Amino acid sequence: MKPVVDRTSAIEPGAILLFACVRNEAVRLPYFLSHYRKLGVDHFLIVDNGSDDGTVEQLRAAPDVSLWQTTASYKKARFGIDWLTWLMLRHGHDHWCLTVDADELLIYPHHDTRPLPALTDWLDRSGVPSFGAMMLDLYPKGRLGDAHYEPGQNPVEVMPWFDRGNYTIRLQPRHGNLWIQGGVRARVFFDTSPRRAPTLNKIPLVRWNRRYCYVTSTHYVLPYALNTVYATDGGEATSGILLHTKFLDTIVEKSKEEKSRREHFENSDLYETYYDRLIANPTLWCAQSSRFVSWRQLEGMGLMSRGGWT
Amino acid sequence: MTVGIIMLVHTDFERAEQVARHWTKSGCPVVIHVDRKSPTAEYDRFSMALNADPLVRFSKRHRCEWGKWSIVQATISACEVMLAEFPQADHVFLASGSCIPLRPVEELVQYLHDRPDTDFIESATTADVPWIVGGLSDERFTMFFPFSWKRQRYLFDKSVELQRKIGIRRRIPQGLVPHMGSQWWCLTRRTLDEILSDPNRRRHVAYFREVWIPDESYFQSLARIHSRKVESRSLTLSKFDFQGKPHVFYDDHLQLLRRSDCFVARKIWPRATRLYQTFLGSGGVAAGRSEPNPGKIDRIFARAVDRRLRGRAGLQMQSRFPRQGFEHGITAKPYSMFQGFTEIFEDFEDWLTRTTGARVHGHLFAPDRAHFADGQTVINGALSDSATLRDYDACQFLTSLIWNTRGERQCFQYGPADTQDINFMMVRDPNAQISIISGAWAVPLFRSGSSFAQLRQTAARLQKIEAQQLEIMRASWANARVRIWSMAEFIESPMEPLQTITDEFGQSGQRHLSEAPRLRDLSGFGQFLQHLKNEGMHPYLMGDFPVEQSDHMQVPPVRKPYLVR
């Protein structure tokens, strides 16, 4: 992993940092960067894994981005987590660190009126070191490949639909985290093998310490205590949502590439049919799909909660 | 003729400076205490900036620690400066660096001027306050607290435990009745002067030094001795969260704060630019002589505490996953499970829909798929009818269904051929109304006309499953409304149970059922059971049916309206 642009000396104490690993995300990046800048991210630390679509040029030009590059195997680096862990160890200590993918847009209670530092200040005051946000898969109404998206546009405009009430949650005693599955991918692609449906729970925002590390993507963190982002006494802890914009129109082409690269997920074979079905340009929408309006709507549906933060 | 402001500051000096200037602009003298833990450089910059203001003084700096005497000491030092240097201060108002006045300062001055003898200090005896954090009420006055609650929690807890065990009880000084209340008060010069010049002050100080959180009790207790008129409320709007930490106000609270008519609010988030602009820039929101009215804010913040502590009944989600017994409601709303009804009535589902207006599903937990009402394949919340998805977690399938359809009563058919995973959950659930006609599973077998060799095995399996299920349903710890009839018992007089069940749906105005569902033709059923017996199987859950067709078995389905009076 080699630095391309290192602007980390500009990071001030208390700055909120965003870590991401990208590959050919030139289409998503303009909105991605503006979304997180607006929320109050101070610096982006990004690893590029062999992009050839202008991603590197775009990131190099951004004044608040530090960029590293590698062409090594994404899979062997535990899906990029090893690269990011190293960066977080170097630069993340004692900062609130947000670790997301390019197709994940974080929202949290009051995100439209309160910037991220309001949330992190409050978490600090409450003695809460980590913040959970479940992935919510968004999709368009018609066939996936037919919803045209322009770079810079809010992806929610072309794909505002989601599944609101078909999730399964179980406690995983080993890491003390919840394992959430379900949503549209379980409904459409994994209806015969729900156990293999993608994991949706994530803990993207952590007040980082150099001794911490993510285990699988940002699904679980060590030490275990950081995984307790939920209340077990019947109350509701504060939580957010990662609007997951995986199903942009580019997904059909990307699936062809991913299928041949075999760089994703623990067991690539399991995902062969999944990719085949994506390549067939399917429709995910159903009559019971919900249309995204706001975080208050998601809270009302019970997908996220303000907890005690009002 | 004005009010003097004591400001306790430890951080965000720019905001504190802005607020201090706002007070002095209206002629209110300000005495500022800066925590000695704050960096000297910042203190210097801060005091330099305000030094030129003739109405600002800085008091001796103390190192303040939450819950300890030092905060009271800091307040006393500042009060002494205030009383000595600003004779025009008739009232003294205790505030912090993160408080802002919401109304024009003149309105506060006028309000206090109209009440020259009133001390505004929340002050109640320990027996009467609900806001205790850490479980210590009386004990904070009768124990020693050598350890910091914030930094040395373990030692703090252990020392409390030890003192409880060996029964340490400090003596409360004579004449003093411990009172507690909000740290933020507004006292008259006279009361404050008397508290500070109390001949017993040394004794009181020695006592309160060892009390836990004395900033909520020192002035509150002494005001009861010296005040002529205590108005037990704080003029500072301050809300607390479930941990007892003050809530922070943000820009989006602007309208709420505007309408509260409170004089001062805390805490304000230092970066809440709009709040600072609105309330300091234009001099606040005039409310004339109206009384503070924090009712709406109180309600909203009480709701937040409730959501944090109790949550929404029947909701399982990423940040609410109650362990068993802590659900505060396993499901969101009441629902009904019917077992054996579609088996013995021809048109039960349609009839139930017509009679009650509820949403009536078929066998939701059938082996092939979830039979949703109206043959839908996906239902509210995009819940799929796939049996595999459903059985991945059948309990959550049911709780999700009930959550997704809040506001519309759900009914579903159930039976021993269905996925049995939900029985334990349902029987624990007070929202579940469970009605079982045992043995009715035999009716479809009877009507199928299949060979007895085949039927015998199926019948044995279903009977075994239902027997196990009934055992669960009859558990002594059941919270559900469970009703079980044997089939023979039920068809004796079907209308009475149907009336009771539908009455419990609790629609407006109880109605008598004017129409009965049609019983299936059961002639030959007794003979069928006898056949099973002859095959070596022993059907018993349906009760006794005579082999020879008796009169009541011949009664064809009730076709004309059946009225229950």
Side-chain angles (χ1 to χ4, degrees), chain A residues 110 112-115 117-118 121-122 125-127 132-134 162-171 178 180-184 186-188 190-195 197 200-201 229-239 241 286-290 301-310, chain B residues 239 241-243 245-248 250-253 269-272 274 300-301 303-323 325-329 332 376-384 386-393 396-397 400-401 403-405:
Chain A
H110 310 287
D112 44 359
T113 50
R114 302 178 196 173
D121 278 1
W122 177 77
R125 286 164 42 76
S126 312
M134 181 182 98
F162 63 94
D163 283 17
R164 83 172 147 97
N166 52 7
Y167 297 89
T168 48
I169 308 177
R170 46 191 68 180
L171 181 70
L178 297 184
I180 308 180
Q181 295 170 286
V184 66
R187 170 165 65 81
V188 178
F190 295 89
D191 54 340
T192 52
S193 50
R195 217 189 146 70
L200 302 176
N201 47 289
V229 291
Y230 53 93
T232 56
D233 56 0
E236 294 177 27
T238 310
S239 54
I241 283 282
C286 74
Q288 294 291 350
S289 297
S290 305
M301 291 172 169
L303 288 164
M304 63 189 277
S305 177
R306 77 184 69 190
W309 195 43
T310 201
Chain B
K239 303 304 300 175
D241 69 12
F242 76 108
Q243 291 177 307
K245 291 178 177 155
H247 266 297
V248 175
Y250 302 93
D251 279 346
D252 50 79
H253 290 122
W269 192 46
R271 292 168 65 174
R274 265 177 78 203
I300 284 176
F301 284 88
R303 262 207 308 270
V305 171
D306 191 62
R307 175 150 297 189
R308 177 61 189 82
L309 292 179
R310 299 215 30 105
R312 287 169 278 180
L315 175 63
Q316 282 189 345
M317 46 97 73
Q318 54 167 333
S319 55
R320 180 180 202 267
F321 197 71
R323 47 182 190 277
F326 287 79
E327 295 96 342
H328 308 146
Q376 294 179 93
T377 54
V378 192
I379 202 165
N380 305 39
L383 208 53
S384 154
S386 149
T388 325
L389 283 178
R390 177 197 67 203
D391 292 344
Y392 187 48
D393 195 325
Q396 281 182 5
F397 175 86
S400 293
L401 176 81
W403 173 262
N404 293 345
T405 56

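The structure displayed is predicted, hence computed values, not measured ones. Each chain gets a letter, A, B and so on, in the order its sequence line appears, and its residues count up from 1.
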How long is the span from the [atom1] atom in [X] to the [atom2] atom in [Y], to the nearest 0.5 Å?
| X | Y | atom1 | atom2 | result |
| --- | --- | --- | --- | --- |
| B:Phe242 | A:Ser126 | CZ | OG | 6.5 Å |
| A:His110 | B:Tyr250 | NE2 | OH | 8.5 Å |
| A:Tyr230 | B:Gln316 | OH | CD | 12.5 Å |
| B:Arg274 | A:Thr113 | CZ | OG1 | 9.0 Å |
| B:Leu383 | A:Arg164 | CG | CZ | 9.5 Å |
| B:His253 | A:Thr310 | NE2 | OG1 | 5.5 Å |

Given side chain to side chain contact (heavy atoms under 4.5 Å, CB included), test B:Gln376 with A:Gln288 step by step and report yes or no.
-> CA-CA 10 Å; B:Gln376 294 179 93; A:Gln288 294 291 350; 3.6 Å; yes
Do you know which of [options] has the most heavy-atom pairs with chain B at a distance under 4.5 angstrom?
| options | answer |
| --- | --- |
| A:Ala197, A:Ser239, A:Ala186 | A:Ser239 |
| A:Val229, A:Val184, A:Leu303, A:Leu171 | A:Leu303 |
| A:Ser290, A:Ser289, A:Ala118, A:Gly132 | A:Ala118 |
| A:Trp309, A:Tyr167, A:Trp122 | A:Trp309 |

Between A:Ile180 and chain B, which part of the residue has a heavy atom less than 4.5 Å away: side chain, backbone, both or neither?
->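 Side chain of A:Ile180 only, per the 4.5 Å heavy-atom cut-off to chain B.
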Contact part of A:Met304 toward chain B, heavy-atom cut-off under 4.5 Å: side chain, backbone, both or neither?
-> both
Geometric cation-pi criterion A:Arg170 and B:Phe321, 6.0 Å radius, 45° cone = no
Write down the atom of [X], the atom of [Y], and the distance for their closest heavy-atom approach.
| X | Y | value |
| --- | --- | --- |
| B:Arg308 | A:Asp233 | NH1-OD1, 4.5 Å |
| B:Ser319 | A:Ser305 | OG-CB, 3.9 Å |
| A:Pro194 | B:Leu389 | CB-CD2, 3.7 Å |
| A:Cys286 | B:Ala382 | SG-CB, 4.2 Å |
| A:Arg125 | B:Pro246 | NH2-O, 2.6 Å |

Can we say A:Glu236 and B:Arg312 salt-bridge, meaning some charged N sits less than 4.0 Å from an Asp/Glu carboxylate O?
->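 Answer for the salt bridge query: yes.
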Would you call A:Arg114 and B:Asp252 a salt bridge, using N to O less than 4.0 angstrom?
->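 Answer for the salt bridge query: yes.
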Does any heavy atom of chain A fall under 4.5 Å from the side chain of B:Val378, the backbone, both, or neither of them?
->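 Both parts, backbone and side chain.
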B:Arg307, part contacting chain A, at a heavy-atom distance under 4.5 Å |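 Both backbone and side chain.
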Quick one: of B:His328, B:Gln396, B:Gln318, B:Arg320, who has the most non-hydrogen atom pairs under 4.5 Å with chain A?
->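 Top option by heavy-atom pairs under 4.5 Å: B:Gln318.
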Flag the one option from B:Ser386, B:Ser384, B:Gly381 with the top tally of heavy-atom pairs under 4.5 Å to chain A.
->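 Most heavy-atom pairs under 4.5 Å with chain A: B:Gly381.
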Can you name the residues that form a salt bridge (charged side-chain N to carboxylate O under 4.0 Å, His left out) with A:Arg187, not counting sequence neighbours?
->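 Scan of A:Arg187 (salt bridge (charged side-chain N to carboxylate O under 4.0 Å, His left out), adjacent residues dropped) gives A:Asp163.
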Short side-chain donor-acceptor distance under 3.5 Å, A:Gln181 and B:Tyr392 |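 Result is yes, a qualifying pair exists.
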Between B:Asp393 and A:Thr168, is any side-chain donor less than 3.5 angstrom from a side-chain acceptor?
->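 Note: B:Asp393 and A:Thr168 side chains miss the donor-acceptor criterion.
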Under 3.5 Å, is there a donor-acceptor pair between the side chain of B:Trp269 and the main chain of A:Asp121?
-> no
